[in-house]
Protein chains: 2
Amino acid sequence: MGMTRSKAPTLEMVAHHAGVSRATVSRVVNGAATVDKQMVEVVQRSIDALNYVPNRAARSLARRRTQSIALVVPESAAKVFADPFFASVVQGIALELAPTDYTLNMIIESEAQAPKTRRYLLGGNVDGALVVSHHTGDHSWAELSDMLPVVFGGRPLVRSDSEHHFVDVDNLRGARIAVQYLIDRGRTHVATIAGPQDMPPGLDRLTGWAQVLAEAGLQPGPVAYGDFTADSGAAAMRTLLEGGEPIDAVFVANDQMALGAYPVLREAGRRIPDDVAVVGFDDSYFSASTDPPLTTVHQPLVEMGAEMARVLVNLIEGRPTETATVMDGTLVERGSA
Amino acid sequence: MGMTRSKAPTLEMVAHHAGVSRATVSRVVNGAATVDKQMVEVVQRSIDALNYVPNRAARSLARRRTQSIALVVPESAAKVFADPFFASVVQGIALELAPTDYTLNMIIESEAQAPKTRRYLLGGNVDGALVVSHHTGDHSWAELSDMLPVVFGGRPLVRSDSEHHFVDVDNLRGARIAVQYLIDRGRTHVATIAGPQDMPPGLDRLTGWAQVLAEAGLQPGPVAYGDFTADSGAAAMRTLLEGGEPIDAVFVANDQMALGAYPVLREAGRRIPDDVAVVGFDDSYFSASTDPPLTTVHQPLVEMGAEMARVLVNLIEGRPTETATVMDGTLVERGSA
DNA sequence: TTGTAAGCGTTATCAG
DNA sequence: CTGATAACGCTTACAA
């Protein structure tokens with residue numbers, strides 16, 4: 001077990017090697033403009049020779065800056081990582097942060113550990129925090145905003161007075177686009193399988209559906225509710241069918257539920273999209289593999305993550321930045337509508 | 001924008017408040033046994049009163065320990081987070097680490113940033129590293145093992161001489177279990193859709209299939225290869241069917257490919273599982289929602305992540321620990337076989 | 001059992 | 001433009 005970790009060279013050693021003061025080395029390392037070109041050369045050579053790399057802890061201590069930002073994951077851990085939404089957002093964050101010299105500290109927030117997390121965040125261990133609260137819209141970390149730069153992913157469920165920074169995807173517009181598409185293709189009896197109404201995405205997607213229908217002067221079709229799982233989608237579809245109202249299209253608030261609705265439709269003898277067109281939401285990775293492939297609303301999740309990171313860094317570094325950013329989704333046409 | 005970050009209380013302040021020396025406070029904070037009970041009480045009260053929380057950087061500097069471990073993600077970032085394998089493993093890691101006072105530093109490793117990553121890891125910024133290399137078996141970070149405690153997720157493609165620590169799921173046994181199940185149910189013409197043969201999982205799953213068939217004295221059925229995507233699964237299934245050999249079961253090296261094989265089978269008029277039974281691998285989250293639900297091999301991914309973390313912490317703290325851990329999968333019976 | 005004081009590796013202030 | 005020299009907040013021998 002080669003645990004031969006040779007002690008890292010210090011700035012002191014570099015200074016000695018180069019025959020200059022520590023201050024100068026520090027300046028070179030940090031790219032200060034006020035250093036003689038010759039000096040820089042010399043010092044740089046020593047740095048390379050010794051393979052010097054600055055000690056992060058020491059630097060943090062001196063600068064009173066950690067150069068690291070927390071990624072807090074508040075939802076029940078079990079679901080979070082399996083959730084493609086979360087996965088994509090994190091990806092965007094990580095990608096955006098990679099070239100900067102901020103480090104991403106993943107902290108998973110279980111109910112029981114809340115105080116510990118709070119202390120960690122407030123204890124000066126990070127320069128800022130990113131909190132991703134997809135479904136819940138739960139901004140229980142809102143108070144933190146006063147103590148620490150914080151950017152939320154997903155809009156708050158309630159519009160609070162204090163100004164939180166957040167970036168979100170535009171669920172309302174996404175839904176509108178989807179339903180409009182259905183209408184444009186001649187569908188007139190558009191039902192919907194909605195998500196939970198205590199989560200912003202569930203709420204907004206239903207609202208979008210209702211809006212467009214109203215604007216088109218169409219009767220709103222029947223509504224059934226699910227909880228974003230495939231099973232609930234199947235149940236909802238069954239409810240819709242049993243309702244007896246005519247249906248030639250259904251806007252499903254997420255792909256998972258659409259996945260569940262598929263076999264129910266098939267068993268009922270309704271062909272997709274001939275008899276009933278279906279449009280999903282999220283562009284989940286399996287949606288191209290369903291039969292028929294699912295037409296769905298794609299959200300710029302990766303970009304959303306990147307934007308979150310960007311905003312936070314701005315905040316940390318005292319640059320002006322937008323308080324709310326809402327990103328548009330796009331419809332990806334496949335075979336189901 | 002309330003950036004009123006009040007300066008955190010220092011150990012010094014606590015000491016003053018409590019009327020003791022900094023050393024004593026430090027001892028209390030770190031739970032040293034050599035402190036008078038009374039003292040502990042007093043100090044603790046001050047700590048609470050001031051809401052003191054130790055500064056991580058200062059502590060690291062003094063202790064020469066960062067208390068943080070790196071999670072390096074070497075694969076092309078784009079896929080990694082969408083990959084349920086990775087997601088589950090990370091979940092396990094995060095969960096295991098949460099109650100400890102190690103912090104998880106996610107570092108996403110793009111080709112271009114390799115040197116930066118190396119410097120980061122070797123620059124004393126972390127106490128150890130976890131590298132997850134699912135498919136590839138690529139242990140290009142192997143060299144690191146000599147400089148820093150490292151634990152790999154997924155076995156190396158080639159058995160190297162230096163002793164790397166790794167934990168893996170047992171793909172071979174998983175495959176064996178699946179195929180044995182098929183045989184036990186009376187199937188005698190068992191084909192397989194294998195994964196890429198330059199990845200350990202692809203390799204081992206195919207080997208397991210071949211082994212069991214041989215041991216049962218059965219002729220090996222036809223083999224077709226895919227790349228773990230649904231499309232490739234569809235293509236492979238087509239190849240299998242066109243081959244003309246009798247097939248009453250197919251062991252598919254992962255669920256995605258099984259997903260792709262489904263419609264091909266259906267179009268060919270073969271009922272699942274009546275005409276041909278299919279067993280997948282991975283227990284992907286959609287596998288319960290397919291029609292029929294997919295019987296598949298579940299791997300203890302979360303546990304695997306947890307184990308990785310456990311091993312690494314042992315390594316870091318100088319405790320003895322196993323070099324290789326291989327975890328068993330289990331068959332989850334659903335409707336497809 | 002508690003206190004003193006010397007670091008830990010950088011940065012930053014101030015002279016020179 | 002460069003060099004001393006204090007911090008930065010905590011740990012840890014070593015004393016008392």
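- Taking five base pairs at each end of the helix from dT1(C)-dA16(D) to dG16(C)-dC1(D) and finding the rotation axis that steps the C1' atoms of four pairs onto the next four gives two axes whose angle is 30°, to the nearest 10°.
- Distance check, rounded to the nearest 0.5 Å: CD of Q67(A) to CG of D127(A) gives 6.0 Å.
- V326(B) meets the side chain to side chain contact (heavy atoms under 4.5 Å, CB included) test with D170(B); sequence neighbours excluded.
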Encode nucleotides 8-16 of chain D as B, S and - characters from 5' to 3', where the letter depends on protein heavy atoms closer than 4.0 Å: B to the base, S only to sugar-phosphate, - to neither.
BBBBBB---
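- Listed in residue order, the members of residues 32-44 of chain A having a heavy atom less than 4.0 Å from DNA chain C come to none.
- Summarising the local packing, NE2 of H16(A) is surrounded by 12 or fewer heavy atoms from other residues, nucleotides or ligands at distances under 6.0 Å.
- At most 12 non-hydrogen atoms from other residues, nucleotides or ligands lie less than 6.0 angstrom from CD of E41(A).
- Residues Y120(B) and T103(A) have side chains that bring a donor and an acceptor to within less than 3.5 angstrom of each other.
- Applying the side chain to side chain contact (heavy atoms under 4.5 Å, CB included) criterion to T10(B), with sequence neighbours excluded, gives E12(B), M13(B).
- V126(B) pairs with exactly one of V72(B), L71(B), N105(B) by the side-chain contact (heavy atoms from CB on, under 4.5 Å) rule, that one being N105(B).
- Of the side-chain N and O atoms in T24(B), one or more sit less than 4.0 angstrom from OP1 or OP2 of dG3(C).
- N55(A) and R64(B) share no side-chain donor-acceptor pair at under 3.5 Å.
- E307(B) CD to F166(B) CZ: the interatomic distance, rounded to the nearest 0.5 Å, is 12.0 Å.
- Every pair passing salt bridge (charged side-chain N to carboxylate O under 4.0 Å, His left out) that includes a residue from residues 87-98 of chain A is listed here, sequence neighbours excluded: E96(A)-R310(A).
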